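Some notes on the structure that comes next.
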Amino acid sequence: GRLIRGGKPDDITREDLDVLSKEVGVTTFLDLRGPAQFERAGNSEIVRRGLARVNVPLSKRTPVQGLELDFVVGRLEAGTMGDHRASYLRFVSSSDRFKLAMETIVDQGNGAVFVHCTAGKDRTGIMVAIILSAIGVHRDDVVADYAESSRATAELVRTFFGSSPRFRQIQSTLDPELLSSYTGAAPEVMQDVLTSVDENYGSPRQYLLDLNDGTQILEDLERKLLG
C-alpha cells in the first residue's frame with residue numbers, strides 16, 4: 001500500500017484523478033479538515049467517481065474555511081507571527097483523532113490512501129511525519145519530505161490566501177518573513193517538533209504504541225507501507 005500526502009483535492013480534474021486512482025492506486029481520500037469543509041467538497045470529481053472519502057478532523061478547532069481564512073488574515077494584519085511548532089504539538093496531543101486517522105489508513109487494505117488537509121503540510125505534515133518516523137524512516141528523510149511542501153507555497157498563497165479580498169489588499173505590504181511563518185515548511189520546524197515528541201512521548205514510535213490498540217495499529221501500518 002501507499003500513503004500519499006497532498007493539499008485539498010476539492011477541484012481535482014478527471015485526468016488528475018485518473019492518475020491517482022488508476023496509476024497510483026488511491027482508493028480512499030482521508031480529509032483532516034473540519035466537517036464543514038468536508039461537506040463543502042461533496043460535489044467533487046472524487047464523489048462523482050464513487051471513491052471513498054473519510055473525514056477525521058485533526059484539529060479540535062474545526063472552523064469553516066472562510067472563518068479559518070479570516071482568522072489567519074487577521075493575524076497577518078496584526079503582525080502576529082505564526083507558530084507551527086506549537087500547533088503541530090497540539091495536533092499530536094489529540095491522540096484519539098490520530099488513532100482514528102491511522103485506523104482509517106490501515107483499514108483500506110492494499111489500496112493507497114491520499115491524506116490531506118488544506119495545504120497538505122500542517123495537519124497532514126505532522127501526521128505523516130509521525131507515521132514515517134514510527135515505521136523506521138530516517139529522521140533526515142522525514143524532515144526533507146515535510147520541507148518539500150515549500151515548493152507549493154506560491155500555489156497556497158494564490159488559492160487559499162488569494163481567495164480573501166482582505167489578504168489581496170494587504171499582500172504587498174506584508175513582511176515576507178511574517179507571511180512565511182504561515183505558508184512555509186522550514187525543515188528546522190519539523191526537526192524541533194519531532195525532538196519535542198521524543199521528549200514528551202519517548203519517540204514517534206512509542207507515541208503510536210501507547211495509543212489504545214497501538215501495537216496492532218503499528219503492525220498494520222508496517223505491513224501496509226513496508227510490505
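Just so we're clear, the structure is a prediction, and the values are computed from it rather than from any experiment.
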Is there a path of hydrophobic side-chain contacts, each under 4.5 Å between heavy atoms of I, L, V, M, F, W or Y residues, that connects [X] with [Y]?
X: I105; Y: I46; value: no
X: M190; Y: L3; value: yes
X: V47; Y: V56; value: no
X: V19; Y: V113; value: no
X: F161; Y: F71; value: yes

Under the 3.5 angstrom rule, does the side chain of K8 hit a backbone N or O of Q37 as a donor-acceptor pair? no
Is any side-chain heavy atom of [Y] closer than 4.5 Å to one of [X]?
X: L20; Y: I12; result: yes
X: D11; Y: S44; result: no
X: R123; Y: R33; result: yes
X: S163; Y: L69; result: yes
X: K121; Y: L156; result: yes
X: L194; Y: P204; result: yes
X: D16; Y: E45; result: no
X: I4; Y: V26; result: yes

V115 vs T104, test: side-chain contact (heavy atoms from CB on, under 4.5 Å). Steps then yes/no. CA-CA 10 Å; V115 58; T104 300; over 6 Å; no
Decide yes or no on side-chain contact (heavy atoms from CB on, under 4.5 Å) for E77 and F167, but give the supporting numbers first. CA-CA 8 Å; E77 286 182 309; F167 176 79; over 6 Å; no
Ring pair (Phe, Tyr, Trp, His ring centres under 6.0 Å) contacts in which one or both residues fall within residues 193-221, not counting sequence neighbours: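 Those involving residues 193-221 are F98-Y207, Y201-Y207.
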What pairs of residues pass the ring pair (Phe, Tyr, Trp, His ring centres under 6.0 Å) test when at least one of them lies in residues 2-51, not counting sequence neighbours? F29-F114
Does the pair R5/D145 count as a salt bridge with the N-to-O cut at 4.0 Å? yes
Would you call D210 and R205 a salt bridge, taking side-chain N to carboxylate O under 4.0 Å as the test?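 Salt bridge absent between D210 and R205.
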Go through the structure and list residues passing ring pair (Phe, Tyr, Trp, His ring centres under 6.0 Å) with Y182, not counting sequence neighbours. none
Residues that F91 engages under ring pair (Phe, Tyr, Trp, His ring centres under 6.0 Å), provided they are two or more places apart: none
Any chance you could lay out the side-chain contact (heavy atoms from CB on, under 4.5 Å) test for L208 and M102, step after step, and finish with the verdict? CA-CA 9 Å; L208 288 195; M102 292 181 194; 3.1 Å; yes
Enclosure of R48 CZ (heavy-atom neighbours >12, cutoff 6.0 Å):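 Check passes, neighbour count above 12.
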Does [X] have any side chain to side chain donor-acceptor pair (under 3.5 Å) partners at least two apart in sequence or in another chain, and if so, which?
X: E39; value: none
X: R2; value: none
X: E148; value: R151
X: D96; value: none

Throw together a table of side-chain donor-acceptor distances under 3.5 angstrom for residues 126-142, partners on residues two or more places apart or in other chains.
residue : atom : partner : partner atom : Å
S133    : OG   : A129    : O            : 2.7
H138    : ND1  : D140    : N            : 3.0
R139    : NH1  : D198    : OD2          : 2.7
R139    : NH2  : D198    : OD1          : 3.2
R139    : NH2  : D198    : OD2          : 3.4

Please round to the nearest 0.5 Å and tell me the distance separating atom OG of S21 and atom CZ of R14.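 These two atoms lie 12.0 Å from each other.
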Regarding Q108 and T28, is there a side-chain donor-to-acceptor distance under 3.5 Å anywhere?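 Checked: Q108/T28 side chains pair up, N/O donor to acceptor below 3.5 Å.
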Show me, pair by pair, the donor-acceptor contacts under 3.5 angstrom made by side chains of residues 168-178, not counting sequence neighbours?
residue : atom : partner : partner atom : Å
R168    : NH1  : G162    : O            : 2.5
T173    : OG1  : I170    : O            : 2.7
D175    : OD1  : E177    : N            : 2.8

Would you check, one step at a time, whether the test salt bridge (Lys or Arg N to Asp or Glu O under 4.0 Å) holds for R90 with D83? CA-CA 11 Å; R90 282 197 299 273; D83 185 359; over 6 Å; no
Worked verdict on D18 versus R49 for side-chain contact (heavy atoms from CB on, under 4.5 Å): CA-CA 10 Å; D18 280 342; R49 192 74 62 89; 2.9 Å; yes
Tell me which pairs pass salt bridge (Lys or Arg N to Asp or Glu O under 4.0 Å) where either residue lies in residues 181-192, with sequence neighbours left out.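 Residue pairs passing salt bridge (Lys or Arg N to Asp or Glu O under 4.0 Å), neighbours aside: R85-D192.
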Who pairs with K99 by side-chain contact (heavy atoms from CB on, under 4.5 Å), at least two apart in sequence or on another chain?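 K99: side-chain contact (heavy atoms from CB on, under 4.5 Å) contacts with E103, L211, N212, D213, I217.
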